[in-house]
There are 2 protein chains.
Amino acid sequence: MSKTETRLSGAGKDPDFAEIFAALGDPTRLAIFDRLSDGQARSIAVLSDDADMTRQAVTKHLHVLETAGLVESHKVGRESRYVFCPDRLALARAWLEHVAGRWDFALMRLKSFAEDDSR
Amino acid sequence: MSKTETRLSGAGKDPDFAEIFAALGDPTRLAIFDRLSDGQARSIAVLSDDADMTRQAVTKHLHVLETAGLVESHKVGRESRYVFCPDRLALARAWLEHVAGRWDFALMRLKSFAEDDSR
DNA sequence: TGATTGAGCAACCAAAAAGTTGCATTTAAT
DNA sequence: ATTAAATGCAACTTTTTGGTTGCTCAATCA
């Protein structure tokens, strides 16, 4: 396989789509993920500012996002910064595209069948 | 607004993306949804055949998918058939594209800044 | 008619998730 | 040296979730 590991087999576990969607399936996490999508790294304290819950709760959400591979963290000084991570997101997108594509194909076949029928 | 209600405001609640992703965030539901993406309507009994759980459990999963707007059900005879529903899926896709697009934009800006810097 | 099949409903159960509090630890600022 | 800020960790509580069993009801089929 090429050096740029398109398939995530190199990441250890096979792409667990359900885990990715589950990580996005919470309003708080979705908001955090959306906020991080501008590429800026942010500390837990900053990310906890506008959330109406404890810093520890936000920390847990960040852990969920991180184990799902949607964000990454690195410590700088005394604070740990979280950054957007696009790889798994691309996987999720690909899966949705695949499903939507299958639906479109089915619809197309149905349509051509109907035309066939009316001929 | 046009007759073909592109925005889901007509569906009552505003598009709850977290709910959509949460519905997809379970392997069983993901498998069911994937299976239904061929456009074929299937009864609960049929969908329960290859699942290693009770029919009632599958029913619950179908309810979750339905309240998220990912599938629709209609009764025919004594059985209720579930069909794929592409609208919310399109919403989810759009959201992911939006986030990915923002990331790409940020990356691009960062790159041009770096080029600027080395000049 | 009588048996069977597909499904709905309610109660119940165990495990996971979401969130909290309290305390310890490390890093930075004064 | 002290203090304050940012976080990590563990225990605990409350909801939610995923799943089960038992019973009932409606629609077929023999």
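What you are looking at is a predicted structure, and each value in this text was computed from that prediction instead of being measured. Below, chains carry the letters A, B, ... as their sequence lines are ordered, and counting in each starts from 1.
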Query raised in the report: For dG19(D), does OP1 or OP2 lie under 4.0 Å from any side-chain N or O of H61(B)?
Result: yes

Query raised in the report: Which part of the nucleic acid, if any, lies within contact of S43(A), taking any heavy atom under 4.0 Å across all strands shown: a base, the sugar-phosphate backbone alone, or nothing?
Result: sugar-phosphate

Report task. Identify whether any heavy atom of R29(A) sits under 4.0 Å from a base atom; if not, whether one sits that close to sugar-phosphate; answer base, sugar-phosphate or nothing. Result -> sugar-phosphate

Report summary line: Whole-Å distance, R42(A) CZ to dT7(D) P, equals 14 Å

Query raised in the report: Could you give the CE-to-P distance, from M53(A) to dA17(C), as a whole number of Å?
Result: 16 Å

Query raised in the report: Taking atom P of dG19(C) as reference, at what distance in whole Å does atom NE2 of H63(A) sit?
Result: 15 Å

Query - Other residues, nucleotides, ligands: >12 heavy atoms within 6.0 Å of E72(B) CD - result: no

Report task. Please state whether the base of dA27(D) and the side chain of R78(B) form at least one donor-acceptor pair under 3.5 Å? Result -> yes

Report task. Apply side-chain contact (heavy atoms from CB on, under 4.5 Å) to V83(A) and Q40(A), showing your working. Result -> CA-CA 7 Å; V83(A) 287; Q40(A) 282 253 327; over 6 Å; no

Report task. Nearest whole angstrom, please: distance from the P of dA6(D) to the CG of L47(A). Result -> 13 Å

Query raised in the report: What integer distance in Å separates Y82(A):OH from dG8(D):C1'?
Result: 10 Å

Query raised in the report: Closest nucleotide of DNA chain C for V76(A) versus for G25(A): which of these residues is on the 5' side?
Result: G25(A)

Query raised in the report: Can you find a pair of side-chain heavy atoms, one from F84(B) and one from V99(A), that are under 4.5 Å apart?
Result: yes

Report task. Indicate, yes or no, whether a donor-acceptor pair under 3.5 Å links the base of dA7(C) to the side chain of R55(B). Result -> yes

Requested in this report: Measure from the side chain of Q56(B), starting at C-beta and using heavy atoms only, and say which of dT21(D), dA18(C), dA27(D) lies closest.
Outcome: dT21(D)

Report task. Describe the nucleic acid contact of A57(B) in one word from base, sugar-phosphate, nothing, applying a heavy-atom distance below 4.0 Å. Result -> base

Report task. For a side chain to side chain donor-acceptor pair (under 3.5 Å) with H61(A), tell me which candidate from E66(A), Q56(A), R29(A) qualifies. Result -> R29(A)

Query raised in the report: Reckon T54(A) has a side-chain N or O less than 4.0 Å from the OP1 or OP2 of dT20(C)?
Result: yes

Requested in this report: Round to a whole Å and report the spacing from CG of L30(A) to P of dA18(C).
Outcome: 13 Å

Query raised in the report: Which word best sums up how the rings of W95(B) and F21(B) line up, parallel for under 30°, tilted for 30 to 60°, or perpendicular for over 60°?
Result: perpendicular

**Report entry** Sugar-phosphate only, base, or nothing, as touched by S80(A) at under 4.0 Å among non-hydrogen atoms
**Finding:** sugar-phosphate

Query - Pairwise 5' ranking along DNA chain D for K60(B) and E79(A), keeping only the more 5' one - result: E79(A)

Report task. Assign each of G77(A) and D26(A) to its nearest nucleotide of DNA chain C by heavy atoms, then name whichever residue's nucleotide is nearer the 5' end. Result -> D26(A)

Report task. Send over the distance from E66(A) CD to dT7(D) P, rounded to a whole Å. Result -> 14 Å

Requested in this report: In whole angstrom, give the distance that lies between atom CD1 of I32(B) and atom C1' of dG18(D).
Outcome: 12 Å

